[in-house]
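Scroll down for the structure; my scribbles are underneath it.
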Amino acid sequence: MFEKFMATAVLPAADLERAKRWWHDVLDRDPVEVDAESGNVFYDVGGTVVLVYLTSFAGTAKNTALNLLTDDIDRDVAALRARGIAFHEYDFPGLKTVDGIAELGEERAAWFSDSEDNIIALGQPSPEMVARVMGGAPAAG
């Protein structure tokens with residue numbers, strides 16, 4: 001069972017051209033494939049395929065739609081801010097952001113929206129997770 005198996009993330013877009021510009025300008029990603037019939041766009045993000053597809057339901061979910069992991073959240077939050085990204089501020093029981101970043105024990109996280117109002121999380125896992133999954137120690141900071 002599942003000899004050839006993979007997972008993809010799926011993000012809705014109300015405007016595929018706007019979404020493609022955002023992916024290029026903000027995340028430095030160009031499509032690895034565009035479906036000629038549907039116009040669906042596929043991106044490679046750290047070895048995971050992300051499908052961006054046209055739908056009128058884009059931006060209607062109020063939960064995290066995609067989680068990006070980094071070894072240095074401060075570096076990447078600063079880089080995204082330099083590209084015009086505004087980070088969400090949250091203050092819920094058990095979750096409070098300060099200047100856009102939440103401290104979650106050994107993990108840290110920040111949330112922002114893409115051009116289609118999908119919520120994307122940027123997370124910095126524990127040092128052990130960085131070493132195990134990302135193949136190295138976290139960046140010095």
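Numbers here simply count residues along the sequence, with the first being 1.
- Look at D72 and R108 and you find no salt bridge, because none of the NZ, NE, NH1 or NH2 atoms lies under 4.0 Å from a carboxylate O.
- Taking CG of N63 as the reference point, atom CD1 of I119 lies at 6.5 Å (rounded to 0.5 Å).
- Across P31 and K20, no two heavy atoms sit closer than the pair CG-CD, 4.4 Å.
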_Run the salt bridge (charged side-chain N to carboxylate O under 4.0 Å, His left out) test on D99 and R81 for me, step by step, so that the C-alpha distance in whole Å, both residues' side-chain angles and the decisive distance to 0.1 Å come before the verdict._
CA-CA 11 Å; D99 197 26; R81 282 189 172 132; 3.6 Å; yes
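- Taken to the nearest 0.5 Å, the OG1 atom of T64 stands 9.5 Å off from the CD1 atom of I120.
- In this structure, W111 has its ring center no closer than 6.0 Å to that of F87.
- Between A7 and T48, the shortest heavy-atom contact is O-CG2, 4.3 Å.
- Between E128 and E106 the shortest side-chain heavy-atom distance falls below 4.5 Å.
- No more than 12 heavy-atom neighbours from other residues, nucleotides or ligands sit within 6.0 angstrom of NE2 on H24.
- A salt bridge links D28 to R83: one of the charged nitrogens lies within less than 4.0 Å of a carboxylate oxygen.
- Criterion: ILVMFWY side-chain heavy atoms under 4.5 Å apart, direct or through other members. Under it, L122 and L69 are not part of a common hydrophobic cluster.
- Contact detail for T55 and P12: the closest heavy-atom pair is CG2-CB, 3.2 Å.
- Side-chain atoms of D114 and V26, non-hydrogen and from C-beta on, never get closer than 4.5 Å to each other.
- There is no path of hydrophobic side-chain contacts, each under 4.5 Å, that joins M129 to I73.
- Put simply, CZ on R75 and OG1 on T70 are 4.5 Å apart, with the number rounded to the nearest 0.5 Å.
- You'll find the side chain of F112 stays beyond 4.5 Å of the side chain of N118, heavy atoms only.
- Side-chain contact, H88 with T97: no donor N or O sits under 3.5 Å from an acceptor N or O.
- At least one side-chain heavy atom of L16 sits under 4.5 Å from a side-chain heavy atom of V41.
- Hydrophobic cluster membership is shared by V10 and V49, with clusters built from Ile, Leu, Val, Met, Phe, Trp and Tyr side chains linked at under 4.5 angstrom.
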*asked:* Go through it in stages, so that I can follow the logic: the residues are L11 and L51, the test is side-chain contact (heavy atoms from CB on, under 4.5 Å), and I'd like the CA-CA distance, side-chain angles, deciding distance and then a yes or no.
replied: CA-CA 6 Å; L11 290 177; L51 161 63; over 6 Å; no
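- Nearest heavy atom pair, residue A14 against residue A58, reads N-CB, 3.3 Å.
- Hydrophobic clustering (side-chain heavy atoms under 4.5 Å, transitive across Ile, Leu, Val, Met, Phe, Trp, Tyr) groups W22 together with L80.
- In this structure, OH in Y53 is found 11.5 Å from CD in E116, a value given to the nearest 0.5 Å.
- D44 contributes atom CG, which lies 12.0 Å from atom CD of E33 (distance to the nearest 0.5 angstrom).
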_Apply side-chain contact (heavy atoms from CB on, under 4.5 Å) to residues I101 and D74 and explain how you reach the verdict._
CA-CA 9 Å; I101 299 176; D74 295 309; 3.7 Å; yes
*So L104 and L95, side-chain contact (heavy atoms from CB on, under 4.5 Å) or not? Walk me through it.*
CA-CA 8 Å; L104 307 164; L95 176 68; 3.9 Å; yes
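- L68 contributes atom CG, which lies 6.5 Å from atom CG of L27 (distance to the nearest 0.5 angstrom).
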*I would like to know whether T8 and Y43 meet side-chain contact (heavy atoms from CB on, under 4.5 Å); could you show each step before the answer?*
CA-CA 10 Å; T8 66; Y43 294 91; over 6 Å; no
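- Between P125 and V130, the shortest heavy-atom distance links the atoms O-CG2, 3.8 Å.
- The two residues V34 and G39 come nearest to each other via the heavy atoms CG1-O, 4.1 Å.
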